[in-house]
Amino acid sequence: IDSGATLTASAANSNVFGNWYNNNGTFSHSNGTVTFNHPFSFTQNITSVSGVAGFYNLVVAQNVTLQGNTNLTVDGNLDLNLNVLNLGGNTLTLNGTTTFTTGFLDGGNTTAALQIGGGPGDVGTVNLGNQTSFATLTMNRSGKIYFTGDPLIINNSVQFNNGYVFSNSNPVLFNAGASHNGANDSSFIATKVAKAGNTDFTFPVGDTNKYRPLLVSNISAFDTIITSYHNNDPNSDGYYANQIVPPIHHINRSEYWKVGLDPQSAGTINANIILSWDAISCGVDNLSDLVVSRFINGAGNWQNAGNTQT
């Protein structure tokens, strides 16, 4: 699309069989669908001199790569079908929904970024591949986004404004030095979170509209710690509430955290843990007696893990 020219797409479906190159022209998507579907095994490129390529519905029916400094915005549905969208280290903004079959999203390199906007409503599932990592993730939409495939890896930061992050069996991994900001009852990670390194870190975990951060500090060695929060009775999950060791009198029957090292870790570490609670946490009767209790799997009981401050 040459400078000064305008391309108005069909409100139905437009097919692209080659590369997409916008040389400062104007593309009007008409709320229609653009499908990249070269008839042969051929990677199609998207290039925008202005730095932004915007579509309403985008179907990746052939492998597509963002070239140069081209950031991609999809306002409707992103359908990766059976193929790969390679961000080339650029930014993908999802303002609508996603459809994945066996295709996946590839960041291209560690500078890639993902922004979740638009809404309200759930985004859907984003399938990750090729050990994709993102410099930043921005959550700015009420609703949920589900990550499957390879682990979601954060290199720099996550900005929580609105919306919940879910992952499959893989934890969301914050690399050493990565951080987050803004987590609250309306925006957090609702599944497992991992942190690599030995610096203090607040895990932005929660469950069912409850943000319950957990701080790990004074970590004795470089390793990967994994944490999750569970807004339910630990007794129902096999951590029996009546199996307590004095001086513990009773445990909180409404919530608990799981904290441990990456299963592939061969070492052990020492660290301090600070938990969070509020007025709706059950079992807090005497603040001065409040302690952290730890369930010891081998012994099958809850034991006092101490308390240095409340």
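What you are looking at is a predicted structure, and each value in this text was computed from that prediction instead of being measured.
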Contact summary for [X] and [Y], nearest pair of heavy atoms:
{"X": "Trp302", "Y": "Ser293", "result": "CE3-OG, 3.6 Å"}
{"X": "Leu87", "Y": "Ala112", "result": "CD1-CB, 4.3 Å"}
{"X": "Pro151", "Y": "Leu128", "result": "O-CD1, 4.0 Å"}
{"X": "Asn170", "Y": "Gly149", "result": "ND2-O, 2.9 Å"}
{"X": "Arg141", "Y": "Gly121", "result": "NE-O, 3.0 Å"}
{"X": "Thr208", "Y": "Phe188", "result": "N-CZ, 4.3 Å"}

So, [X] versus [Y]: side-chain donor-acceptor pair below 3.5 Å or not?
{"X": "Asn13", "Y": "Thr35", "answer": "yes"}
{"X": "Thr125", "Y": "Thr148", "answer": "no"}
{"X": "Asn109", "Y": "Thr111", "answer": "yes"}
{"X": "Thr97", "Y": "Asn77", "answer": "yes"}
{"X": "Asn24", "Y": "Ser3", "answer": "no"}
{"X": "Gln159", "Y": "Asn181", "answer": "yes"}

Centres of the His29 and Phe55 rings: under 6.0 Å?
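When the ring centroids of His29 and Phe55 are compared, they turn out to be at least 6.0 Å apart.
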Would you say the rings of Phe203 and Trp257 are close, in the sense that their centroids are separated by under 6.0 Å?
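No: the rings miss the under 6.0 Å criterion.
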Just verifying a value: how many Å separate [X] [atom1] and [Y] [atom2], rounded to the nearest 0.5 Å?
{"X": "Ile296", "Y": "Gln243", "atom1": "CD1", "atom2": "CD", "value": "13.5 Å"}
{"X": "Asn301", "Y": "Ile251", "atom1": "CG", "atom2": "CD1", "value": "11.0 Å"}
{"X": "Asn63", "Y": "Leu82", "atom1": "CG", "atom2": "CG", "value": "10.0 Å"}
{"X": "Tyr211", "Y": "Tyr229", "atom1": "OH", "atom2": "OH", "value": "12.5 Å"}
{"X": "Thr98", "Y": "Leu105", "atom1": "OG1", "atom2": "CG", "value": "10.0 Å"}
{"X": "Asp150", "Y": "Gln131", "atom1": "CG", "atom2": "CD", "value": "4.5 Å"}

Check the pair Ser254, Asn252 against side-chain hydrogen bond (donor to acceptor under 3.5 Å, both in side chains), reporting the backbone distance first and the verdict last.
CA-CA 6 Å; Ser254 66; Asn252 183 338; 2.7 Å; yes
Check whether [X] reaches the backbone of [Y] with its side chain - one donor and one acceptor, N or O, closer than 3.5 Å.
{"X": "Asn161", "Y": "Thr138", "value": "no"}
{"X": "Asn37", "Y": "Ala61", "value": "no"}
{"X": "Gln62", "Y": "Gln44", "value": "no"}
{"X": "Asn218", "Y": "Asn272", "value": "no"}
{"X": "Thr132", "Y": "Gly107", "value": "yes"}
{"X": "Asn19", "Y": "Asn45", "value": "yes"}
{"X": "Asn184", "Y": "Gly182", "value": "yes"}
{"X": "Ser187", "Y": "Gly163", "value": "yes"}
{"X": "Ser133", "Y": "Ile153", "value": "no"}
{"X": "Ser10", "Y": "Ala12", "value": "yes"}

Other residues, nucleotides, ligands: >12 heavy atoms within 6.0 Å of Phe166 CZ
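Enclosed: over 12 neighbouring heavy atoms sit under 6.0 Å from CZ of Phe166.
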Taking everything shown except Asp122 itself, do over 12 heavy atoms lie less than 6.0 Å from its CG?
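Yes, enclosed.
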Joint cluster assignment, [X] & [Y], ILVMFWY side-chain distance < 4.5 Å:
{"X": "Leu72", "Y": "Val34", "answer": "yes"}
{"X": "Ile116", "Y": "Tyr56", "answer": "no"}
{"X": "Phe174", "Y": "Ile226", "answer": "no"}
{"X": "Val292", "Y": "Ile219", "answer": "yes"}
{"X": "Leu92", "Y": "Trp20", "answer": "yes"}

Could you check if a side-chain atom of [X] sits within less than 4.5 angstrom of a side-chain atom of [Y], using non-hydrogen atoms only?
{"X": "Thr93", "Y": "Asn71", "value": "no"}
{"X": "Tyr239", "Y": "Asn297", "value": "yes"}
{"X": "Asp237", "Y": "Phe295", "value": "no"}
{"X": "Phe201", "Y": "Val216", "value": "no"}
{"X": "Phe27", "Y": "Ile1", "value": "yes"}
{"X": "Thr43", "Y": "Val84", "value": "no"}
{"X": "Thr191", "Y": "Phe147", "value": "no"}
{"X": "Thr33", "Y": "Asp79", "value": "no"}

Evaluate side-chain contact (heavy atoms from CB on, under 4.5 Å) for Leu78 paired with Leu85, printing each intermediate quantity in order.
CA-CA 10 Å; Leu78 172 64; Leu85 173 60; 4.2 Å; yes
side-chain hydrogen bond (donor to acceptor under 3.5 Å, both in side chains), that's the test. Do Asp200 and Ser217 meet it? Break it down for me.
CA-CA 4 Å; Asp200 297 356; Ser217 63; 4.7 Å; no
May I have the step-by-step check of side-chain hydrogen bond (donor to acceptor under 3.5 Å, both in side chains) for Tyr164 and Asn209, ending in yes or no?
CA-CA 9 Å; Tyr164 305 107; Asn209 303 324; 2.9 Å; yes
Going by the angle between their ring planes, with limits at 30° and 60°, are Tyr256 and His230 parallel, tilted or perpendicular?
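If you compare the ring of Tyr256 with that of His230, the planes turn out parallel.
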Which residues share a side-chain hydrogen bond (donor to acceptor under 3.5 Å, both in side chains) with Ser14, sequence neighbours left out:
none
Show your reasoning for whether side-chain contact (heavy atoms from CB on, under 4.5 Å) applies to Asn127 and Leu80.
CA-CA 9 Å; Asn127 193 36; Leu80 288 199; over 6 Å; no
Would you sort out whether Met139 and Ile145 count as a side-chain contact (heavy atoms from CB on, under 4.5 Å), showing the intermediate values?
CA-CA 9 Å; Met139 294 294 300; Ile145 183 169; 3.8 Å; yes
For a side-chain contact (heavy atoms from CB on, under 4.5 Å) check, start with the C-alpha distance between Ser228 and Val205, then their side-chain angles and the critical distance, and finish with the verdict.
CA-CA 6 Å; Ser228 58; Val205 291; 5.5 Å; no
